[in-house]
S.K.: 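Dropping the structure in here first, questions after.
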Amino acid sequence: MVEQKGFKSSVIDVPRQPNQEDLFGIQVYQEALIEYIKYTGTPITIALQGEWGSGKTSLMNSLRFSLCDVAPAPYFGVWINTWQFALLHSPSQAVISILESIINQIGSLNPNQQRWEASKKAIGDIFKRMAVVGTKVATQAVGINGECIEGLFGGNDKAGESDSNVEKLKQEIVALINDAMSQSRDKKGFIFFIDDLDRIDPPFAVEILELLKNLFDLDHCVFVLAIDYNVVIKGLRPKFGELTAQNEREFRSFFDKIIQLPFSMPVASYAIDNFLVKALQDIAFFNAEELKNQGLVSDLSEIAQWTVGTNPRSLKRLTNTLSLISIINRIQSQKAQAQGLVENQPAELDTFTKQLSYALVCIQIAYPAIYNLLLDEPDFKGWDIALATRLKAPLIDEAILESLKESEAFDEEWEQTLFRICQQDAYLQQHSFDLSQLLNKIAHMVNNDEELGEIVSQVMDLSTVTNIKAGSTNEAASANNAQKRKYVKDTSVYVFRGQRFDSRSKKFDVIHQVFCEYIADHPELTAQEMVETMTIWPNAKSYFQLRDAATVDENDPKVAKEYRFDFPPLKEGRVCLPRYMYFKKEFDKHLELFDKLGYHIEVVQE
């Protein structure tokens with residue numbers, strides 16, 4: 001490989017440091033929080049709320065840098081990563097370690113180290129006494145009901161001694177903080193940054209919140225927590241049960257008791273264009289010249305927002321996947337040229353292929369079920385009622401269907417099929433409009449409905465190495481899946497009795513025509529005889545076979561959409577044909593049967 005200046009094969013998933021460029025445009029929120037904390041009264045607890053990877057730790061890094069590290073810093077800074085403590089300890093040990101770390105950091109920041117040495121001994125004695133005092137009484141003294149906190153205070157039930165120990169611990173903490181403040185007149189207090197609460201077991205996270213609230217609800221103390229409200233809800237289930245409309249106020253009251261200022265990470269407002277341009281150029285997926293095209297950058301940003309969203313962690317995973325795809329393509333090209341298999345094959349994908357690959361990888365990350373469906377059925381504009389039935393997708397209510405038809409996002413059959421498929425999953429259901437817009441964008445990019453499936457299949461071969469899918473763990477299974485993925489476009493034309501069938505539904509249409517001709521040629525046939533004659537899978541109930549209309553409710557409008565009833569009259573009864581008779585295996589069986597009956601279908605390759 002020719003070394004490219006500034007090339008990186010990956011975008012690392014670590015929090016942004018204060019001296020790094022703000023690529024997501026959150027500076028205004030950061031500055032507002034800094035100013036708020038500078039002038040806030042104490043005690044106060046601020047919650048930075050957001051899902052994993054939304055930038056909570058990066059924001060806390062910036063707050064600490066501006067408020068605690070850069071002279072003249074108005075606050076002392078204490079940082080606790082709760083997940084690191086919980087990772088290698090039991091819950092009770094983790095609580096002890098968290099308390100010890102907080103107190104040690106307060107003490108080490110105190111310019112009066114003699115005071116700290118005296119406090120260390122006193123606090124150590126308190127912890128020893130608390131370990132042999134009443135379990136439940138001690139925990140109740142700090143407002144905790146959880147088992148792990150009870151274990152911390154385990155021992156005999158001596159209520160008075162337990163209360164006294166907790167109070168003495170608070171007194172020592174107050175003395176340490178007040179002494180530090182008296183020694184540093186330029187300081188306003190301590191900021192306690194509590195990170196990764198949403199990475200630990202939710203009930204444990206709630207217990208830590210209550211413990212910190214009751215022990216550190218003190219003057220000169222500002223707590224900044226990185227947490228998600230949903231984690232609090234999960235953690236409160238043992239206390240309040242499942243969240244319902246009736247008890248929602250209890251959940252909210254608990255949160256409001258702990259948190260005085262909730263701040264939701266402004267993920268929806270993140271300006272991701274700058275991040276994408278820099279990241280995609282750093283990994284050399286797109287070159288600098290391509291990224292000067294504002295239309296391309298706008299498309300990339302739009303595709304990201306329909307799929308991975310603006311979550312920084314998801315965007316980093318996206319760029320890392322694209323980087324690997326780019327490297328694989330380059331190495332394959334170099335090897336092919338070295339072996340003389342091709343001449344002058346470009347080591348870089350063309351812009352169209354890169355953009356399409358980008359869109360498909362976005363689907364892979366955000367909607368793996370749809371990505372896996374595309375592996376098997378890449379010609380998505382051919383998705384129809386047959387596919388929906390095969391996937392057992394729920395039927396659409398008639399009123400909803402009529403409403404969908406009025407929407408540009410779902411006015412075509414394949415879009416309505418997509419809508420049905422999305423109803424099987426709550427997340428897909430929520431994002432069905434995004435998926436429709438994205439697939440329409442891909443179809444617009446390809447701009448060739450006839451070759452759509454083939455083009456999508458070829459580009460997907462680049463990204464399947466980064467796909468996460470259950471099963472197929474050995475090489476043989478993987479090879480089998482790769483073979484299954486191979487999309488072969490049916491370019492054949494079918495001719496029956498001089499009539500050509502070359503539309504998208506040609507397999508179904510020609511089979512239907514043969515059935516109609518056969519009934520016309522045999523006016524004495526009953527429905528039962530017709531079904532028996534045309535059975536392709538004896539002793540099996542195949543979805544792809546003609547059936548007696550008496551077995552379905554043809555008056556049901558939903559059924560009418562899935563079956564075709566327009567056949568010549570029979571001597572007795574009626575037949576119907578499922579509208580999903582186009583798979584090669586079933587089609588070939590019908591060709592064999594029709595040949596035996598003297599109804600030959602000519603297959604013309606074009």
Side-chain angles (χ1 to χ4, degrees), residues 299-311 313-315 317-318 321-322 325 353-396 400 404 407-446 449 451-472 481-482 484-487 489 504 580 583:
D299 283 347
L300 298 177
S301 177
E302 190 173 45
I303 290 168
Q305 294 192 51
W306 287 333
T307 52
V308 297
T310 52
N311 182 295
R313 180 163 294 151
S314 297
L315 290 168
R317 179 184 169 191
L318 167 64
T321 302
L322 295 169
I325 290 170
T353 302
K354 285 189 283 189
Q355 187 178 0
L356 181 53
S357 183
Y358 172 92
L360 292 169
V361 169
C362 283
I363 296 175
Q364 181 191 87
I365 293 172
Y367 312 116
I370 300 300
Y371 179 86
N372 289 324
L373 177 58
L374 283 168
L375 284 175
D376 295 330
E377 302 289 342
D379 186 12
F380 57 83
K381 293 196 81 171
W383 291 358
D384 57 12
I385 198 169
L387 178 65
T389 304
R390 178 161 66 90
L391 296 176
K392 299 181 180 178
L395 292 170
I396 306 174
I400 295 176
L404 289 176
S407 164
E408 188 176 351
F410 295 105
D411 58 348
E412 296 183 33
E413 183 180 5
W414 73 268
E415 295 166 328
Q416 293 158 19
T417 301
L418 171 66
F419 184 85
R420 286 181 61 181
I421 292 169
C422 288
Q423 303 313 297
Q424 296 176 298
D425 179 273
Y427 185 78
L428 292 179
Q429 185 176 3
Q430 183 181 354
H431 293 276
S432 58
F433 278 84
D434 291 335
L435 273 163
S436 175
Q437 292 181 91
L438 175 57
L439 292 178
N440 272 293
K441 168 73 79 174
I442 290 174
H444 179 73
M445 287 161 50
V446 173
D449 286 357
E451 303 297 328
L452 176 64
E454 186 173 355
I455 292 170
V456 169
S457 179
Q458 289 173 355
V459 176
M460 289 189 82
D461 282 342
L462 295 171
S463 60
T464 52
V465 294
T466 57
N467 187 33
I468 298 175
K469 187 175 182 180
S472 305
N481 278 354
K484 182 179 179 182
R485 284 197 310 269
K486 187 64 178 176
Y487 177 77
K489 186 175 181 64
R504 185 180 292 276
Y580 32 78
F583 298 101

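In what follows, residues are counted from 1 in the order of the sequence shown.
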S.K.: Report the distance from atom OG of Ser432 to atom CG of Asp425, rounding to the nearest 0.5 Å.
M.R.: 11.0 Å

S.K.: Trp306: what forms a ring pair (Phe, Tyr, Trp, His ring centres under 6.0 Å) with it, not counting sequence neighbours?
M.R.: none

S.K.: Can you check side-chain contact (heavy atoms from CB on, under 4.5 Å) on Lys381 and Glu412, steps first, answer last?
M.R.: CA-CA 9 Å; Lys381 293 196 81 171; Glu412 296 183 33; 4.2 Å; yes

S.K.: With sequence neighbours left out, write down each residue that passes side chain to side chain donor-acceptor pair (under 3.5 Å) with Glu415, or none if nothing qualifies.
M.R.: Asn440

S.K.: Please give me the minimum heavy-atom distance between Leu315 and Gly309, naming the atom from each residue.
M.R.: CD2-O, 3.8 Å

S.K.: Within a strict 4.5 Å, meaning less than it, do heavy atoms of the Arg420 and Ile385 side chains meet?
M.R.: yes

S.K.: Can you name the residues that form a ring pair (Phe, Tyr, Trp, His ring centres under 6.0 Å) with Phe410, not counting sequence neighbours?
M.R.: Phe419, Phe433

S.K.: Do the side chain of Tyr358 and the main chain of Leu300 share a donor and acceptor less than 3.5 angstrom apart?
M.R.: yes

S.K.: Check the angle between the aromatic planes of Phe380 and Trp383 and answer parallel, tilted or perpendicular using the 30° and 60° thresholds.
M.R.: perpendicular

S.K.: Can you tell me which residue pairs pass the salt bridge (Lys or Arg N to Asp or Glu O under 4.0 Å) test with a partner in residues 299-308, sequence neighbours excluded?
M.R.: Asp299-Lys441, Glu302-Lys441

S.K.: For Gln424, check side chain to side chain donor-acceptor pair (under 3.5 Å) against everything at least two apart and list the hits.
M.R.: none

S.K.: Filter on salt bridge (Lys or Arg N to Asp or Glu O under 4.0 Å), then keep only pairs touching residues 357-366, sequence neighbours left out; what's left?
M.R.: none

S.K.: Would you say the side-chain atoms of Thr307 pair up with the backbone N or O of Ile303, donor to acceptor, closer than 3.5 Å?
M.R.: yes

